[in-house]
Amino acid sequence: MAAHRLFAVVLALAAALRVLVMLGYDTAMVYWYDSFTYLDTAVHLQPRGAFHPAGYSAFLWLMRPFGSVELIAGVQHAIGLGIAVMIYALLRRRGLPGWGATLAAVPVLFDPAFVRLEHAILSDLQVIALVVAALCALMWREEVTWRAAALAGLLLALAGVTRTAAAPLIGLAVLWLLLRRVPWRGVVALALAGALPLIGYAGWYAQHNGRFALSGSDGVALWARTMTFADCSIIKPPPEEAPLCPNGTVLDAASEYVWAPGASLNRLPGGRFAHNDLARSFAVRAIAAQPLDYLREVAANTALAFTWEPVPHPDRMTPTSRFPYGTWTLPGNPLVDKVRAEYDPDIRGMRSVEPFGSILAAYPYPWFLHGTLFGVMLLAGAAGSIGRRRAALLPWTFAMFLLVAPVAALDFDHRYVLPAIPLAAVAAALAVAAIPRPRHRAPVRERVTVPV
């Protein structure tokens, strides 16, 4: 136990912070409209035809008998601590000292962005927990067994049906196994354990929505991504796609085009998601015609993750590295009333509770630890992903994909960066631990010849 004393103390402080958060706010944080969509899907457990797959709603369904979003927040705070324990245990298993493994877990334990995520009815924390658990399964031993590979594949599949951006991690894990020359049973086990749940979910989705897919919004999202650079004089779309060209509506972020009433897609009859396939076809055509413009937009938006000071994106958002303070009301909406009636009658807008709210508002956490340090960790992980050992390759690849994929598929969001940060911390720690240490040779004693 003495070897883990430092981490135990840090974990206890992080638990105390979470108790303070539970006391500092009178309920869980709910977002319009994401939280209410998740909760409504949990009541009527079936996949929706728009953005959110049902993986997180399945967790909410399990919690439904308790009828309390505050209890859900408490459970999620415990899961957040569990993520830190997994990071620490994995790094100790890989030979890091206690202080190094503890340091890698600090962002998850003390960054207000993670603690706020635990307190919110959102799917991101579940994705982080599942991906970190899959990473532990694959890297716990030097030799990957087929059972560990199958477990990792299942965990990544569950992450994929929680947020579709995580599904391609299965392919990255398979490539990593092939690079390590893992026996074929392990590769097949991971591929099957990852693919079969996704196929099953897609079939379930098709039963309810008439389309074999994980969601019905991929085309809409990618179309919105192209609206910041699309030029139809270059794209030359066919007549059926021409109505999706930019129509003069100019917004400050790609994601805003999904919801803007004046955007071309939203002027078509039937609603935006009814034209998902057409939107995807236009977006693919636009990217093929303007690949450099597309890459420029993705790179520029991704760079917002590493700023020394927070950058609003879109402009109406106010990113911060602190805990919020004040009162937040809910919109008057039939879906809100429906969720109240069917899931938790006590759902309401959140407010700070004194004196704990003021203590949280004064909690210091500089932004550069959230942004710029994240960039440093990725650079360190990149260095540890090359060479003979490639100790950091898997967590670094996962981190980079989870960072860039949402930007490439839709837009940058400060919340979407969070799943990549724990993986980047693991990659950086493994990279530093893999640096060869100079060996100190014992001094050579001079041979003295004694005359006879």
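Below 30°, between 30° and 60°, or above 60°: for F36 and W32 the angle between ring planes is between 30° and 60°, a tilted geometry. A perpendicular orientation is assigned to the rings of Y257 and W223, their planes being inclined by more than 60° (bins at 30° and 60°). Using a 30° and 60° split on the angle between ring planes, Y38 and H52 fall in the tilted class, from 30° to 60°. Ring planes of W259 and Y33: perpendicular class, angle over 60° (limits at 30 and 60°).
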Can you check side chain to side chain contact (heavy atoms under 4.5 Å, CB included) on L17 and L13, steps first, answer last? CA-CA 6 Å; L17 174 62; L13 291 174; over 6 Å; no
If you apply the rule side-chain hydrogen bond (donor to acceptor under 3.5 Å, both in side chains), what do you find for S385 with R390, and how did you get there? CA-CA 4 Å; S385 300; R390 294 187 288 267; over 6 Å; no
Would you sort out whether F306 and F374 count as a ring pair (Phe, Tyr, Trp, His ring centres under 6.0 Å), showing the intermediate values? CA-CA 7 Å; F306 312 121; F374 174 47; 5.5 Å; yes
Full working for side chain to side chain contact (heavy atoms under 4.5 Å, CB included) between H4 and R92: CA-CA 10 Å; H4 308 297; R92 290 306 304 268; 3.5 Å; yes
Is there a side chain to side chain contact (heavy atoms under 4.5 Å, CB included) between L190 and L138 once you walk through the steps? CA-CA 10 Å; L190 191 149; L138 289 171; 3.8 Å; yes
Just do the salt bridge (charged side-chain N to carboxylate O under 4.0 Å, His left out) check on R93 and E142 with the steps written out, would you? CA-CA 10 Å; R93 179 81 178 184; E142 192 65 32; over 6 Å; no
Verdict with reasoning, W367 to V311, per side chain to side chain contact (heavy atoms under 4.5 Å, CB included): CA-CA 11 Å; W367 180 268; V311 176; over 6 Å; no
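The two residues V131 and A159 have their closest heavy-atom pair at CG2-CB, 4.0 Å. Scanning both residues, P53 and T164, for their nearest heavy atoms gives CG-CG2, 4.1 Å. The shortest non-hydrogen separation linking L90 to C136 is CB-SG, 3.9 Å. The heavy-atom pair separating A431 from A380 by the smallest distance is CB-O, 3.2 Å. What you find for A230 and M227 is that their closest heavy atoms are CB-CE, 4.1 Å. Listed here is the closest heavy atom pair of S352 and Y25: OG-CE2, 3.7 Å.
Side-chain contact between V115 and F110 is absent, with no heavy atoms from C-beta onward closer than 4.5 Å. Looking only at side-chain heavy atoms (C-beta outward), M139 and P395 come within less than 4.5 Å of each other. At least one side-chain heavy atom of R415 sits under 4.5 Å from a side-chain heavy atom of L122. Looking at M29 and V69, their side chains never come closer than 4.5 Å, going by heavy atoms from C-beta outward. Taking 4.5 Å as the limit, some side-chain heavy atom of L20 sits within range of a side-chain heavy atom of I359. Between P197 and L154 there is a side-chain heavy-atom pair separated by less than 4.5 Å. Side-chain contact between L39 and V43: absent, with no pair of heavy atoms (C-beta onward) separated by less than 4.5 Å. A heavy-atom distance below 4.5 Å is not found between the side chains of T102 and V9.
Remark: the backbone N or O of L71 is paired with a side-chain donor or acceptor of S68 at under 3.5 angstrom. Remark: side-chain polar atoms of D411 are paired, donor with acceptor, to backbone N or O of A254 under 3.5 angstrom. At distances below 3.5 Å, at least one donor-acceptor pair connects side-chain atoms of N266 with backbone N or O atoms of V258. Judged by distance alone, the side chain of Q290 and the main-chain N or O of F229 form a donor-acceptor pair under 3.5 Å. The closest donor-acceptor contact from the side chain of R340 to the backbone of I347 lies under 3.5 Å. The closest donor-acceptor contact from the side chain of R141 to the backbone of A148 lies at 3.5 Å or more, if one exists at all. Side chain of E297 to backbone of T226: no donor-acceptor contact under 3.5 angstrom is found. Using a distance-only test at 3.5 Å, with no hydrogens or angles considered, no donor-acceptor pair links the side chain of D124 to the main chain of L418. A donor-acceptor contact shorter than 3.5 Å links the side chain of R18 to the backbone of L109.
Exactly one of F114, Y363, F356 qualifies for a ring-ring contact (aromatic ring centres under 6.0 Å, His included) with F323. That residue is Y363.
The CG atom of L151 sits 12.0 Å away from atom CZ of R147, with the distance rounded to the nearest 0.5 Å. L125 CG to F59 CZ: the interatomic distance, rounded to the nearest 0.5 Å, is 8.5 Å. The distance from the CG atom of L265 to the CZ atom of F273 is 9.0 Å, given to the nearest 0.5 Å. Once rounded to the nearest 0.5 Å, the distance linking OG of S57 with CG of L62 reads 11.0 Å. Distance check: L179 CG to T397 OG1 gives 9.5 Å after rounding to the nearest 0.5 Å. Residue L423 holds its CG atom at 6.0 Å from CG of L135, rounded to the nearest 0.5 Å.
In this structure, H313 has its ring center at least 6.0 angstrom away from the ring center of H414. Ring to ring, H370 and Y365 are not that close: their centroids are 6.0 angstrom or more apart.
Other residues, nucleotides and ligands contribute only 12 or fewer heavy atoms inside 6.0 Å of the CH2 atom of W61. Other residues, nucleotides and ligands contribute only 12 or fewer heavy atoms inside 6.0 Å of the CZ atom of F66.
Under a 4.0 Å N-O distance rule, the pair R211/D277 qualifies as a salt bridge. For the pair R180 and E143, the salt-bridge criterion is not met [side-chain N within less than 4.0 Å of a carboxylate O]. Salt bridge present: D26 and R348 bring a charged side-chain N and a carboxylate O closer than 4.0 Å.
Side chains of R225 and N301: a donor-acceptor N/O pair is present below 3.5 angstrom, by distance only.
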